[in-house]
**Student:** 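Okay, handing you the structure first.
In what follows, chains are A, B, ... by sequence order, proteins preceding strands, each numbered from 1.
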There are 2 protein chains.
Amino acid sequence: MTIKDVAKKAQVSIATVSLVIHNNKRISEETKLKVNNAIKELNYHPSRSARGLVSQKTGNIGFILTENHFLRSEPFYTQIFLGAEFEAHNHEFYILLTTVPAIAKSKTKLPRFVLEKNVDGIIVAGTVPHKLVSLLDEHSLPIVYVDYYPEGKESSAVLIDNFGGGKEATEHLIQLHHRNIAFLGGDITHPSIKHRFDGFKWALDAHAIPFDNNNYIVDEVDTSRESGYKAAEKLLKINPGVTAIFACNDAMAFGAMQCVKDEGYSVPQDISIVGFDDVEIARTSDPELTTIAVPKQELGCEAVRLMNRLLESKTVTSHSVTVGIELIKRNSTAVKQ
Amino acid sequence: MTIKDVAKKAQVSIATVSLVIHNNKRISEETKLKVNNAIKELNYHPSRSARGLVSQKTGNIGFILTENHFLRSEPFYTQIFLGAEFEAHNHEFYILLTTVPAIAKSKTKLPRFVLEKNVDGIIVAGTVPHKLVSLLDEHSLPIVYVDYYPEGKESSAVLIDNFGGGKEATEHLIQLHHRNIAFLGGDITHPSIKHRFDGFKWALDAHAIPFDNNNYIVDEVDTSRESGYKAAEKLLKINPGVTAIFACNDAMAFGAMQCVKDEGYSVPQDISIVGFDDVEIARTSDPELTTIAVPKQELGCEAVRLMNRLLESKTVTSHSVTVGIELIKRNSTAVKQ
DNA sequence: AATTTTTAGTTAATCGTTTAACCTAATCTA
DNA sequence: TAGATTAGGTTAAACGATTAACTAAAAATT
């Protein structure tokens, strides 16, 4: 079933069929009806490949993730991806997923879908090597970054309100009368963590609580559960009087929680803990974790919407969106005893 | 950068370039070198659309999921999908995902990627309306079913060893000296649940334990946590002496666990519970759930492998694979007191 | 030495669309 | 009423590959 068959059946030229499909005004209502009937009867649908070849539009969006984020099937980016998939449906896009090495290899290569011109735009989720960003730029495809903003150039991005999250988490603890509050982070040079810390700091300042360097543990290698455990160990050693912890993500929060328990304290009676992300198990842990919920699926969804706008408007103006966060109060925080 | 540019640069015809790309033996080593150099220098990659148009191969695989499985971002099928994505890389495939209504609508439509001839084959994950299966068949594309086997025709499928899982779960309980063992299921006409039950029954028989109808609760509407709770309620009412429960999946197992606790029993001291699936939270629940691990990512991975074989061998012989399961002993089961 | 076969390419048709350029008859315009 | 518009199409040239059919020169066979 090709456009030829439709043309024959409707007794018009293939050009007419194509024009009808694109709803061109030059075609009379009468002819439109004839053609549309033929299309319906033959159950005709234009071939993607043929269409793509001539129009240089594939109807596909590329989605780039770093290997570590994909491999460990980390729920966070998986959720972003699923959100994007979902919204892609509404815009009749298909998503092609690929992973790239997290650290720049000697031979940083572009994803195959870029080289083969198989996508109309690209969504990049999470922090990727800068080398890749500059390679992508050469291809002048619309790009939307998610939870990452490449330095040195205007870009379109969907970002998390990390500052607001850090602020709300901290203010929650302050409202519970905590004053000796610690921040647990991994690599503080990572923008997300940095901003969460900035929010933390801001909240302390706003309530005239002095910042204590002993309440600032950011020398772990990553933000894993193990690092959370180790960070909490250090914290309890140098500052045994701490009554509340804001961990820069849920994984570290769980690690810290484990350590605090192991050291004989109880959560939240002795020490309150707030996380960030609201991963699945925050709902089922013991105690259930108070945390900052990041609307992960919405991040992906917004990315696709933004991409759609970029593809529709020929004037590619870069634009950023920040999605809101929400404090989820559970049982790992309580009024200071 | 098209094949023309390469041809010009290498001073050969475009046909020669194409033949070199396909490693045709008719081309001399010398010319091959010339062409390959030109390809490298221009960083040329054939266009997917052009290639697809003439060769009728897209390099894409369609992945069909029912809406309910996708919407609730159910980890089970998500994991299968991710496993497929991962393996797709190794075979240079891209995966196009789509969802279909779980129950046959009046107007069951084929996925767009089928109509637009945008995939070389289709993976169907989970139970889909039969109407869809027959529609798909008309297009004579290779199809691989995952965790589902359509009745009435030979198909290629990747299946879970449900029987073996039911058997192992039950034998584990028997080895712990349990004799009064209940089966909790949802819709028993669903093949997976049926087979898990068959394994349960087989294990009882093999150890000469009579099957008691009071130990067979399968009248819940679904296999959710809530249904598990309700099923356990019924069970405890009609058979208070039960010492072990085999729930047909983890969700029901958690529901049952909650009910058992609420009724004042303790797990596993009073009642042992085994689940099926090994979802993420089975690792963190209290007590941690003994369950049958299903290698979810491997299911998706095998599906892609099978698809690859179907696409390579022109003789489309349907073939089924069963992936093994594994009993994961945790703390929800113990020796009968 | 004449004929056949092999080697190493090229030419040209084709895949299924889109769309600029063209055409013709009907309708306006002055 | 002649010339200019407009309406409603059609023709034909792309898009960027693949591949069957062809060709010319070199090598092998008789």
**Student:** Considering only heavy atoms from C-beta outward, does the side chain of Ser18(B) approach that of Ile3(B) to under 4.5 Å?
**Tutor:** yes
**Student:** Quick check for you: among dT10(C), dG9(D), dT17(C), whose closest atom lies nearest to any side-chain atom of Pro46(A)?
**Tutor:** dT17(C)
**Student:** Quick check for you: to the nearest 0.5 Å, what is the distance between Ile160(A) atom CD1 and Leu299(A) atom CG?
**Tutor:** 5.0 Å
**Student:** Using the side-chain heavy atoms of Val12(A), tell me which of these nucleotides is nearest: dA8(C), dT18(D), dT10(D).
**Tutor:** dT10(D)
**Student:** Does Ser28(B) place a side-chain N or O at less than 4.0 Å from the phosphate oxygens OP1/OP2 of dG9(C)?
**Tutor:** yes
**Student:** Return yes when atom NZ of Lys40(B) has more than 12 non-hydrogen atoms of other residues, nucleotides or ligands closer than 6.0 Å, and no otherwise.
**Tutor:** no
**Student:** Ala15(A) or Ala50(B): which one's nearest nucleotide on DNA chain C is closer to the 5' end?
**Tutor:** Ala50(B)
**Student:** Any side-chain heavy atom of Pro142(A) within less than 4.5 Å of one from Met307(A)?
**Tutor:** yes
**Student:** At less than 4.0 Å, is any side-chain N or O atom of Ser47(A) found next to OP1 or OP2 of dG16(C)? Yes or no.
**Tutor:** no
**Student:** Are OP1 or OP2 of dT18(C) and a side-chain N or O of Arg51(A) less than 4.0 angstrom apart?
**Tutor:** yes
**Student:** From C-beta outward on Thr16(A), which listed nucleotide comes closest to its side chain: dT17(C), dT18(D), dT10(D)?
**Tutor:** dT10(D)
**Student:** Rounded to the Å, how far apart are Ile27(B) CD1 and dA8(C) P?
**Tutor:** 9 Å
**Student:** Quick check: does any side chain N or O of Arg112(B) sit under 3.5 Å from a backbone N or O of Glu92(A), one acting as donor and the other as acceptor?
**Tutor:** yes
**Student:** Counting just side-chain N and O atoms, does Gln56(A) come under 4.0 Å of either OP1 or OP2 of dG16(D)?
**Tutor:** yes
**Student:** Taking only side-chain nitrogens and oxygens of Ser13(B), does any of them come within less than 4.0 Å of OP1 or OP2 of dG9(C)?
**Tutor:** no
**Student:** Which nucleotide in the set dG16(D), dT17(C), dT18(D) lies at the smallest distance from any side-chain heavy atom of Ile14(B)?
**Tutor:** dT18(D)
**Student:** Does the side chain of Thr31(A) get closer than 4.0 angstrom to OP1 or OP2 of dG9(D) through an N or O atom?
**Tutor:** yes
**Student:** Mind calculating the distance between NZ (Lys57(A)) and C1' (dT19(C)) to the nearest angstrom?
**Tutor:** 16 Å
**Student:** Given atom CD of Glu29(A) and atom P of dA7(D), what is their separation to the nearest angstrom?
**Tutor:** 14 Å
**Student:** In this structure, how many angstroms lie between the P atom of dT17(C) and the CG atom of Asn24(A), rounded?
**Tutor:** 18 Å
**Student:** Report which part of the nucleic acid Thr2(B) touches: base, sugar-phosphate, or nothing (heavy-atom distance under 4.0 Å, all strands).
**Tutor:** sugar-phosphate
**Student:** Find the distance Ile39(A):CD1 to dT17(C):P and express it as a whole number of Å.
**Tutor:** 10 Å
**Student:** In this structure, how many angstroms lie between the C1' atom of dA17(D) and the CG atom of Leu19(B), rounded?
**Tutor:** 12 Å
**Student:** What is the separation between atom NE2 on His22(B) and atom P on dA17(D), rounded to the nearest whole Å?
**Tutor:** 11 Å
**Student:** Please report, rounded to the nearest Å, how far the P atom of dT19(C) is from the CZ atom of Arg26(A).
**Tutor:** 11 Å
